Structure formats: structure tokens, C-alpha cells
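Reading through the C-alpha cells given below for one structure.
Chain A is the first sequence line, chain B the second, and so forth, proteins listed ahead of strands; every chain is numbered from 1. Quantities reported herein were computed from a predicted structural model and do not represent experimental measurements.
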Amino acid sequence: MAKFLTNRDENYAQWYNDLVIKADMAENSAVRGCMVIKPHGYALWEKIQSGLDRLFKETGHVNAYFPLFIPKSFFSREAAHVEGFAKECAVVTHYRLKNDPDGKGIIVDEDAKLEEELIIRPTSETIIWNSYKNWIQSYRDLPLLINQWANVVRWEMRTRLFIRTAEFLWQEGHTAHATAEEAIEETNRILNLYAGFVEDYMAIPVIKGYKTENERFAGAIDTYTIEALMQDGKALQAGTSHFLGQNFAKAFDVTFTDKTGKLDYVWATSWGVTTRLIGALIMVHSDNSGLVLPPRLAPLQVVIVPIYKSEDQLNTISAEAKKIKASLESEGITVKYDDRDTHKPGWKFADYELKGVPVRLVLGPRDIENKTVEICRRDTLEKSTRSTEGLTGHIVSLLGDIQSNMLVRARRFRDENTFKVDSWNDFKAVLDDQGGFILAHWDGTVETENRIKEETKATIRCIPLDAPEEEGKCVYSGKPSRRRVLFARSY
RNA sequence: CGGGGUGUGGCGCAGUUGGUAGCGCAUCUGGUUUGGGACCAGAGGGUCGUCAGUUCGAGUCUGGCCACCCCGACCA
């Protein structure tokens, strides 16, 4: 396990703040708990965006954009929704500043008080459904499949870099359907899309399931989730997809006329993933040398570092490096040739490892003489020297190897840290000794769920979709249970 | 909001019984180096979180305020 996750003296945020991504929490009080995502970190978000966006479009979704501000009255239409978010909303009350008459800088102009306060969106269901009311009249307007890339603000009491920041970037899908079946189908389609993306691109294995009533999204009938396991044995919710039933349609009076001429409320879904995915990527794959990026997500896939003494040597090496670079690029690989003379090779090696670049090629005088190149793969840090003959094909398959190896490794870790537990003592022992996922029977009651949470801090991450039916007894109460659910301590 | 901790050059820190600020890294200049984060020499950079008080004198003592971090409650 990476040092930064086990060494409790240093917190992991500091580790990647200092070493990897430089995403400082903003210092100013007014933007407390927010991130400054520096270019290297933001490039990862752009890769996540472009990958997901393509998948959304392939499944018939389109992008739109809605306002940042939500009138307070919109927000309170859906009872469960307002209750869920009320405690963490940033509220805009004024629209103007003025010079302090006492000369002490600038103050809020009390004359510019808003008649109705504006909430900075913590999520956009309400303002979007307020629009949908005007957009939907007939079954011919359905389904409405819209996604938004945006920022949202949730005034969390405690923030954590990437995992829970006051402001974060995300995508939120909001769809409307003519029938419950179609909406549920959409909910599942997105869940599978998320799981596929996170596993195929990010090399993070996930468990698909649905949430207990306790853990459900505020205003949802059902919340589906993908749950990932971090290297320190804690779970992280990596994405959610909600079946909202007719709750929001009723709250915003969104009706449509069906084929038989009957008026009905539409059925809704919403779903989202956030910059938390970057946190997951860091906490699943990093090692003591820094970040490890799966090739499909790496903004830079191959870096070439020259080693030289004289100008002449550099020229010869550069000519060869540029040939290799062009050849790799013709295969769609992103390559950087780093011939800066401001840093030494050793410094560059360490720096690119810290940044997680999947493959490093090194060219020195020795290599030019032997027509070879040194190859170092980031996932295992193995070095080898091979002929430049057929190099491009080799790199293409090496990148594929790294991608699949990372998923295999993460899945092995996940499986080795997933425990079937049948007694309360074992349950507590597993949590205290190593953490990880626990599959255990649960009697289905909120009381038991809460008791377990109070006593162990473990929560039900989800009821796995593929959980087989089996007779059992609740690990806490001993009452009968039909299937195992997934417990863990979580972020 | 409870419990703990911390605010001193860009970053990380030291600063003794109160005497007018220092170290490492980073930066800049020159030179030697370059196959795993180079070395030597020199240089620049700080109203010590903030406001008030005590004092001849405050980074240091006293009080208020502000902010941040960690552990909870809350949560993508």
C-alpha cells in the first residue's frame, strides 16, 4: 500500500498537495474548502469529461446548461429534497457592495437586499424541472435526455481534497420519461455506463448496487451506486444514478398527454459523477513514487528523456527521439520529448513518475550506438532495454498491458479485501484489523443499520445487484435475512 | 457546532529567561556536471495572521478577533 495512505502522521491530502497534483485548498476564508485544480490535475478531469461525454452521446443524451442560482422557493417544492440539502446551502442575499462610510474598505449594501434569496445550486433538479414544465406537453416530447457539465456548491462542515470539497465539478444528467419502466431502464443504463467507464478507463473495479433508504438521494425512490475500495480499506462512492419516480414532476407540475389522451406526471431520473473520481484514481493506484495513471486516462502517455554530455550527442539523440515520437503519434499515442537542459535526467525520471506517466523511454549515447532504447513502465517500475526495431508496435501493446494490469491488480486487491462475515465479533474484527468490504446478512431494518453505524462507523455501501439469494441471519440482530449486503467504512 | 492543534520569505520549519529575525528546500548569477531528484561559490526575498494592551523595547507576555489543519456530527 502506498505510504501516504498508511502513514497517519502525514495526511494523504498533504501528500498529493505537495507531490502530485498541486491542488491547493484555497487559502482565503471566503473560498474555504475549495480546490485550485492545477493544470496537471485538470487535464485528468478533461480526460474523464471527454470519455464520459462520448458515452452519453452514444446513448442519446445531449448537453445543456442551467443557471447557477436557484430561487429559494424552487428549492423547497420537494419536501425530502429540501430536507436533504437545506443544511449545506450557500445563500445569496445581496447583489451590491459599497464603500464603507467609515472608510473601512467595502461593505455589503443593505439597500441591495434581494427580495427572494438565491441558492447556489447544490444540485440542479429543481431549476431543471422548473424548465421541463414548459418543455414537456406530450408523449412526443419524451424521453428528454439532458446532461449538464457544471460546478455545484455544498457547504460541507468538513472538506477533504478531491473527496469532498465545498465546490466541485461534475456532470448531472436529468431525464424525463413516459413510463416508470423506461425511467428505471435509464437509471440502470447509466449505472452500467458509469461502471464500464470507471473500470475500462480508470482501471478501478466497482460494485454495482442500490442504496438502503437511509443512504438514498434526497427525493429519490431508488439510488443506484458504484462503490470502489481504496488502498486503505475504506470505501468510496464513485457515482450514483437515481430513479426519482414522479416526485419532481409532481413538485413542479410536469405533466404530459399520453397516446391514449390521458394526462399523467412524467417519470424522472438523475445521475452524476464528480471530481471525486480523481480522488479515487489517486487513492486506488498511487504508490510510493507517486501517481500511477492508466494509459487510457493519462493526458501524457509516453515521455522520452534524452541523456547526453555534448551538444553533438544531443543532436543525434534528438533526431532519433523525434522519429520515435512521430511514429508513436501516428498510432494516436500522446508523447512528449523532454529535452529541457534545465533539469537533469534523474530529476525528470522522478518527476514523471510522480505525475504517473505510464511509459518512459530513455535515449542515451549507449542506445544510439546499439540502436536500443530503455523502457520503463510506471505500473511496475520495471526497466528493460530493447531494440528500436518495431518499437512503436511494442509500445502500443505495452500501454494495453499496463491498462489491463492495473485493473487486474486493483481487482485482486479488492477481492483480497472483501470478506464474508457471519458473526458480530468477526464483523468488528475485520473492520479493526484491515478494513475492506464486508459481505454480511442484514435484517433490513433502519434500526439495525444505524446501530451498526454507531458501533463501528461502518455503513451499508449498497445492496449488490448480483447478490445471490441465500438464507442467513442478520450479523447484528440474528433475525432472518435473504441476502448479503455490502458494508464498509467509507469516505 | 464540540474536542485537539497550528498561524514566522514561494513551500516546510526553528526562534532560549522579552533586546529589533534565522535554517532547509525552491528562486536568481557564475562555474563544474548530466544512465535515478548534482556540487561549489555568491545573491535576492519576511510590516512574524490580526487588533488592542503591558513594557524603554514584543515573533516571544496578556486579552479579543480571524483563519487553517486533524478527530467527530454532515456528505458526491
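Judged purely by distance below 3.5 Å, without hydrogens or angles, the side chains of A:T126 and A:E78 never pair a donor atom with an acceptor atom.
When rounded to the nearest whole Å, the span between CD1 of A:I307 and P of B:rG37 equals 11 Å. Nucleotide B:rU34 holds its P atom 10 Å from the CD atom of A:Q313, rounded to whole Å. Summarising the geometry, the separation between CD on A:E88 and C1' on B:rA73 is reported as 13 Å, rounded to the nearest angstrom. Put simply, NZ on A:K457 is 15 Å from C1' on B:rC74, counting in whole angstrom units. When the P atom of B:rG36 is taken as reference, atom CZ of A:F349 falls 7 Å away, rounded to whole Å. If you measure from atom NZ of A:K309 to atom P of B:rU32, you get 16 Å, rounded to the nearest angstrom. Per the geometry, CZ belonging to A:R378 stands 13 Å off C1' belonging to B:rG36, to the nearest Å. Atom pair A:I190:CD1 and B:rA76:C1' shows a separation of 16 Å (rounding to whole Å applied).
A 3.5 Å limit on both hydrogen-bonding distances identifies B:rA38 as the Watson-Crick or G-U partner of B:rU32. The pairing partner recorded for B:rA43 is B:rU27, the criterion being a Watson-Crick or G-U wobble arrangement whose two distances lie under 3.5 angstrom. Taking a pair to require two hydrogen-bonding distances under 3.5 Å in either a Watson-Crick or a G-U wobble arrangement, B:rG63 pairs with B:rC51. Figure legend. B:rC1 is base-paired to B:rG72; pairs are counted as Watson-Crick or G-U wobble with both atom distances under 3.5 Å.
For the C1' atom pair drawn from B:rA21 and B:rU16, the interatomic distance equals 14 Å after rounding to whole Å. Using atom C1' as the reference point in both B:rA58 and B:rG63, the two lie 15 Å apart (nearest Å). Between the P atoms of B:rC69 and B:rG36, the separation comes to 39 Å (whole Å). Here the separation of B:rA38 from B:rA26, taken at their P atoms, is 9 Å to the nearest Å. B:rC1 and B:rG10 have their P atoms separated by 31 Å, given to the nearest Å. Nucleotides B:rG31 and B:rG35 place their C1' atoms 23 Å apart, quoted to the nearest Å. For the C1' atom pair drawn from B:rC39 and B:rG18, the interatomic distance equals 42 Å after rounding to whole Å. Annotation: B:rG15 and B:rC23 have their C1' atoms spaced 10 Å apart (nearest Å).
A:G364 comes within 4.0 angstrom of a nucleotide base, judged by non-hydrogen atoms across all strands. At a threshold of 4.0 angstrom between heavy atoms, the contacts of A:F168 include nucleobase atoms, whether or not backbone atoms are also involved. Using a 4.0 Å heavy-atom criterion, one finds that A:T240 contacts no nucleic acid atom at all. Residue-level contact check: A:E156 touches the bases, meaning some heavy atom is under 4.0 Å from a base atom. Heavy atoms of A:R360 sit under 4.0 angstrom from at least one base atom. Among the protein residues, A:D367 comes within range of the nucleic acid bases, having at least one heavy atom under 4.0 Å from a base atom.
Applying the 4.0 Å criterion to OP1 and OP2 of B:rG37, one finds that A:K344 has every side-chain N and O outside that range. Distances shorter than 4.0 Å separate none of the side-chain N or O atoms of A:K348 from OP1 or OP2 on B:rU34.
For B:rG36, its base sits under 3.5 Å from the side chain of A:K383 at one donor and acceptor pair at least.
With distances taken from any side-chain atom of A:W347 to the nucleotides B:rA76, B:rG37, B:rG35, the minimum falls on B:rG37. When each of B:rG37, B:rU34, B:rA76 is scored by its nearest atom to the side-chain atoms of A:A350, the top-ranked nucleotide is B:rG37. You'll find that the side chain of A:C376 is closest to B:rG36, out of B:rC74, B:rA76, B:rG36. Looking at the side chain of A:R276, the nearest of the listed nucleotides B:rA76, B:rG37, B:rG35 is B:rA76.
Between A:H242 and A:F217, the ring-plane angle classifies as parallel under the 30° and 60° cut-offs. Ring orientation note: the planes of A:F56 and A:W149 are tilted relative to one another, at an angle of 30° to 60°. Taking the six-membered ring for Trp and thresholds of 30 and 60 degrees, A:F168 and A:W170 have ring planes more than 60 degrees apart, a perpendicular arrangement.
For the pair A:R360 and A:F349, the cation sits on the ring face: its NZ or CZ lies under 6.0 Å from the ring centre, inside 45° of the axis. A cation-pi arrangement, defined by a distance under 6.0 Å to the six-membered ring centre and an angle within 45 degrees of its axis, is present between A:R77 and A:F74.
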Steps toward ring-ring contact (aromatic ring centres under 6.0 Å, His included) verdict (A:Y476, A:W442): CA-CA 7 Å; A:Y476 187 84; A:W442 166 59; over 10 Å; no

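Taking for each of A:V362 and A:R461 the nucleotide of RNA chain B with the nearest heavy atom, the 5'-most of the two is the partner of A:V362.
With sequence neighbours excluded, the residues forming a side chain to side chain contact (heavy atoms under 4.5 Å, CB included) with A:L55 are A:E58, A:L193, A:F197, listed by chain and number.
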